[in-house]
Amino acid sequence: MTVLAPRTLSDALDVRSQHPDAIVLAGGTDLMVGINAGRIRPQAVLSIAGIDELADWSATDTAVTIGAGMTYTQLLHSTIAELSPALFQASLTVGSPQIRNAGTIGGNLATGSPAGDTLPVLAALNATVHLASLAGERTLGINEFIVGPKRTALAPDELITGVTIPVANGPQEYLKVGVRNAMVIAMVSVALIVDRSTRFVTVALGAAGPVPIRATEAENWIADRIDWDSGQLCSPDDAVRFGSMVAAESRPIDDHRGTAEYRRHAVGVLAQRALRRSFPGAIGMST
Amino acid sequence: MSELTRTDDSIGGGIEAADGYRLHVNGAAREVTGSWIGESLLDVLRDRLGLYGAKGACEQGECGSCSVTVDGTVVCACLVLAASVTESEIATVESLGEPGQLSDVQQAFVECGAVQCGFCTPGLIVTVHDLLDQMPDPAEHDIRASLVGNLCRCTGYGRIIEAVLVVARRRREGGS
Amino acid sequence: MTITDERTATGIGPRAPRIGESAPRPDGGPKAQGRFAFSSDLFAADMLWGHTVRSPHARAHIISIDTSSAVAMVGVHCVLTSSDVPGRATFGLEFADQPVLAADEVRYQGEAVAVVAAVDADTARRAADAVIVEYELVTPLTHAETAITAEPIHPDGNVVRHLVIRHGEPGPLTNEGVDPTLDGLISVSGTYTVGMQDQAPLGTEAGLAIPSDDGSIDLYVSTQWLHVDRDQVAASLGLPIDMVRLTLGGVGGAFGAREDCSLQIHLCLMALATGRPVKMVYDRAESFVGHVHRHPAVMTYRHWAHADGTIERVDARLVLDGGAYASSSAAVIANAACFAAGPYRVPHAIIDGWVVRTNNPPCGAMRGFGAVQTCFAHEAQMDLLADALGMDPVALRLHNALEPGDQILTGQVIGGTAPVADVIRSCADAPLPDQDSTTSGGVYELPGGAGRTTDRVDVRRGTALAVGFKNLMFSEGFDDFSTARVRVEHGVATVTCACAEVGQGFVTLAQQIVHQTLGIDFVTIAPADTSIGSAGSTSASRQTWMSGGAVLAAAEAIRARIAAAIGTDDITAPDFVRALADNEWDELVEHHHAPTVALDADGQGDAHVSFAFAAHRATVDVDLELGLVKLVDLVTSQDVGRQLNPLQLLGQLEGGATQGVGLALMEEILVADGLVMNASFTDYLIPTIADVCGLRIGAIIEEAEPGAPFGAKGVGEPPTISSTAAVVAAVRSATGLTLPRTPVRPTDIAFGERS
């Protein structure tokens with residue numbers, strides 16, 4: 001086994017093209033678990049942790065581009081927190097300080113777990129994933145990038161370089177159910193993004209299907225049930241109906257962390273609450 | 001490519017198992033030999049370098065018993081590929097205090113009853129030093145938020161929180 | 001000049017702790033510095049690493065084992081199977097019913113089939129993977145109730161023990177419950193389930209075996225009971241016990257998980273086979289299948305009471321799943337049955353207790369040992385009964401609370417202290433937390449914690465109390481003893497005792513006892529090993545009484561000898577101090593507790609030595625829709641006899657309660673068709689620092705226990721007994737759900753049945 005540790009992206013892409021079998025090591029929080037357990041025994045490892053240009057981020061008035069190598073801790077300590085509150089909230093629910101110090105947003109994307117904490121946020125934000133290889137760069141929508149449970153569209157000669165999300169223009173929420181108060185894998189999660197500019201609400205579900213799922217019917221319905229000028233729901237019952245619609249669009253499974261029945265129920269509750277937080281009032285609601 | 005990455009050609013080379021490599025641990029350069037190169041930093045520290053302070057209890061980053069700092073950042077050594085941190089400064093619990101001369105955090109842990117079986121303690125000591133470096137006067141919820149990654153099965157955490165508060169108070173009163 | 005001279009001369013000097021002081025641990029400094037050697041930290045020159053080949057199946061016949069590929073690997077020194085066990089082929093704590101290495105059949109997932117020793121851990125693991133075992137699968141027997149009558153899965157049968165307690169004069173009962181004497185009484189019934197809990201000590205199983213040229217062997221290992229390990233190792237090695245020497249390696253917690261042999265015999269087999277030291281450390285996944293767990297239980301209860309709340313009769317049927325091998329199951333069911341009705345006066349009872357073999361993971365000792373399971377059931381019953389009677393649940397408990405002179409279910413009269421009412425009252429009377437306050441604040445203030453699932457409006461609060469009790473020390477006629485030696489040279493004392501320090505603080509207590517008794521400041525604790533007689537197990541809340549008692553007796557014997565020589569036993573007298581400094585004193589004592597007897601055919605008899613009682617009152621905030629729970633407040637009162645070290649006592653109360661909280665809200669080994677689904681700390685969740693609140697003390701009840709050293713009762717287990725019951729009862733109170741099962745899962749609340 002070989003450990004390759006380039007310091008620049010271009011060197012890394014060279015290595016990647018010559019060693020497509022090399023497993024990419026970023027924060028190690030997934031890969032090392034597999035190596036420690038003997039499940040993964042790579043012949044070569046491409047460590048990208050030392051590539052500073054991947055750990056940077058930049059923002060325009062309308063978009064934030066986050067380097068794949070940014071750790072959750074770096075993200076939490078940056079002003080990305082204000083530009084995307086839901087991404088901040090999701091990052092804060094990842095593991096422990098030790099895990100957040102090591103794990104990266106690129107790693108979360110590359111692993112592509114249905115329970116990956118940032119993925120529903122990225123899905124709700126219509127994020128674009130930046131990929132690079134010696135052949136050039138390409139971008140994929142998050143829904144094109146994650147194609148199945150722990151399966152992505154990343155080509156063997158490619159690296160994830162970053163992800164671009166729009167700057168928030170409205171409330172954002174990330175809610176996650178786990179059996180413990182912290183340090184827990186999502187049994188189910190919901191990201192809800194309100195965009196006042198487009199007068200639209202997007203909602204995506206984590207651990208409620210093979211990939212992060214967008215609840216598009218619920219999104220389309222609720223957009224018309226919001227009085228955008230007053231920032232209120234049209235009726236106090238709308239949040240409940242919205243939750244039911246979101247639950248209906250989930251595709252959860254039974255596993256040792258939870259039942260499909262509970263997951264479906266819980267995403268509905270979470271979606272309802274996320275909407276309630278974003279639109280605390282409703283027309284006709286007694287005060 | 002990194003300096004320490006031995007390269008026969010400009011791209012294809014790297015650290016291989018037979019090469020051995022060097023880590024910087026607690027201020028000293030340490031040669032690692034005989035290691036399977038997929039070994040975690042935890043296994044290398046313990047089984048190759050004889051530094052048994054960091055403990056292994058889960059191999060998944062879930063318990064924090066193996067907490068060390070890499071370039072000043074607290075991480076789980078079990079999730080660090082040792083051969084990937086050849087250019088980093090690694091510090092383990094052994095760097096805190098001297099034999100028989102406890103650091104203030106170690107002292108408070110002992111006095112406050114935060115140590116029972118002690119298996120989680122070295123990881124907690126490393127994490128609490130880092131916490132207090134970053135946040136000299138943490139509220140109780142800050143302490144909880146900072147230590148969620150350090151499982152303890154003996155104490156129920158009450159004396160650990162107490163010990164952190166005691167150190168913070170002593171440092172304040174010490175005026176430094 | 002000796003230390004004692006110095007102290008006498010200056011009046012200050014290093015003041016070692018006495019009984020009643022919050023002495024810090026003597027091993028605390030090394031532990032806090034990472035310099036304390038746990039068993040996983042040991043090494044020896046030319047050391048090999050061992051790895052175990054385990055069955056992936058819950059039940060299968062072994063058709064063949066092909067070790068050739070593994071043996072041929074570079075760096076592999078031995079691959080051993082059942083035919084390589086020179087002595088007794090089986091081991092076990094009470095019954096030697098478990099194969100050291102399975103020969104023809106495996107009976108649970110994770111059963112050891114072969115062991116491999118190689119030059120390093122990675123090679124050993126790969127070699128273990130290269131051992132090819134051909135299995136013929138058999139449908140596993142995984143249902144405990146079915147196992148009672150099912151075809152045996154083990155030559156010893158499926159029923160490990162069936163224990164019936166008939167107490168008082170219970171009339172006949174049919175399924176419809178027609179005992180005419182019970183006509184007109186209020187009756188409540190229910191069926192309660194407890195999931196399989198893991199001890200989850202942070203230190204996994206680890207040890208180092210070092211062979212000697214004469215064929216004898218030294219084993220350094222983390223265990224709770226060196227001598228019983230030694231006896232099992234010697235039997236399977238076919239060696240006399242004096243050729244097997246055990247020394248305690250640093251123990252990273254135990255809680256019952258280390259009472260049975262895990263890697264002890266395997267390590268010694270490999271060391272003798274290779275002539276090299278062999279080390280083995282289980283990883284967490286292996287640890288989950290490498291030690292026994294708390295028995296899952298299904299318990300059906302019926303209580304009858306008079307309108308004023310006086311309990312007339314309790315019937316219960318207890319079915320505990322012991323898994324594939326016996327371990328300490330026979331003693332666990334005895335505890336479950338003896339304490340099945342809780343610390344209440346119950347004139348008549350029939351307790352039908354079963355513990356059976358299945359193809360599930362083996363179960364045995366865990367903190368609370370049978371009493372945890374039945375406490376969960378009897379306290380739920382008491383709340384149901386209070387509701388049926390229209391009585392306050394605390395008042396009902398006080399009305400029936402055991403007192404000294406009362407009988408427990410076995411007919412045994414409580415001869416010692418039993419401050420049950422004080423424990424209940426002081427716990428119930430503690431001020432409630434403010435409605436809106438929580439103990440921690442921040443993101444963990446509400447159910448769901450860091451997940452931000454829940455707003456204050458989604459929460460309902462509940463508070464409830466539970467009380468429990470159990471025996472201290474071993475019961476049913478077991479000759480329970482500990483051995484200790486105190487040696488004084490030049491005024492410095494050395495205590496030698498094989499008591500396993502697992503974190504509980506015996507090493508601190510031993511120093512305190514010697515200082516208290518002889519006035520000696522400098523007390524060193526020798527390594528625990530088998531060069532001295534047995535100390536018995538560090539379990540059953542027994543070491544303070546037993547090994548503490550042995551140390552006390554040895555120190556007192558020295559004091560008596562000095563007194564005989566100089567005419568005073570005043571340890572502050574100059575002559576006494578001089579006698580300690582100028583002479584050598586050495587006393588070895590074997591300390592036995594008062595004898596007990598076996599239970600008779602009706603489960604009656606004075607089977608226990610002493611009892612300890614504790615209560616917990618839990619307050620929880622519950623998100624009803626999502627089924628998430630936040631523990632807001634937990635108050636405890638405990639009967640401790642006498643506090644010997646308040647700081648260590650607090651550590652036991654907080655740590656024990658936290659394990660109980662874990663069983664209430666999250667901890668369960670999930671087993672499907674005999675296969676463990678969550679053998680990792682990613683999926684077997686134990687409480688983090690964000691999941692517990694600050695435990696508050698209602699009262700530490702100090703009534704000296706007759707016959708106990710310093711009047712002190714063991715304190716380790718009671719904190720774990722009633723905490724689970726209290727937390728679940730609080731969730732019931734918040735939700736109005738029946739919640740007959742623990743741990744309470746989010747689904748149980750979100751979709752639960754209203755009571």
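A, B, ... follow the sequence lines: proteins, then strands. Residue 1 opens every chain.
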Out of B:Ser103, B:Cys117, B:Gly156, which one racks up the most heavy-atom pairs below 4.5 Å with chain C?
B:Cys117
Quick one: of B:Gly56, B:Cys120, B:Cys58, B:Cys152, who has the most non-hydrogen atom pairs under 4.5 Å with chain C?
B:Cys58
Proximal component of C:Asp122, with respect to chain B [non-hydrogen, under 4.5 Å]
side chain
Residues passing the side-chain contact (heavy atoms from CB on, under 4.5 Å) test with C:Pro687, sequence neighbours excluded, are B:Arg153, C:Thr658, C:Met666, C:Glu667, C:Asp691, C:Val692
Region of C:Leu202 that comes under 4.5 Å of a non-hydrogen atom in chain B
both
Heavy-atom proximity to chain B below 4.5 Å, by part of C:Gln652:
both
Please look at B:Asp47 and chain C and tell me whether the side chain, the backbone, both or neither of the residue comes under 4.5 angstrom of a heavy atom of that chain.
side chain
Contact winner vs chain B - C:Gly28, C:Gly662, C:Pro719, heavy-atom pairs under 4.5 Å
C:Gly28
Taking only residues two or more places apart in sequence, or in another chain, which ones meet B:Glu59 in a side-chain contact (heavy atoms from CB on, under 4.5 Å)?
A:Asn36, C:Asp283, C:Arg284
Is chain B contacted by the side chain of C:Ala657, its backbone, both, or neither, given a heavy-atom distance below 4.5 Å?
neither
Which atoms of C:Leu653 approach chain B - backbone, side chain, both or neither, heavy atom under 4.5 Å
neither
Is C:Arg25 close to chain B through its backbone or its side chain, or both, or neither, when contacts mean heavy atoms under 4.5 Å?
both
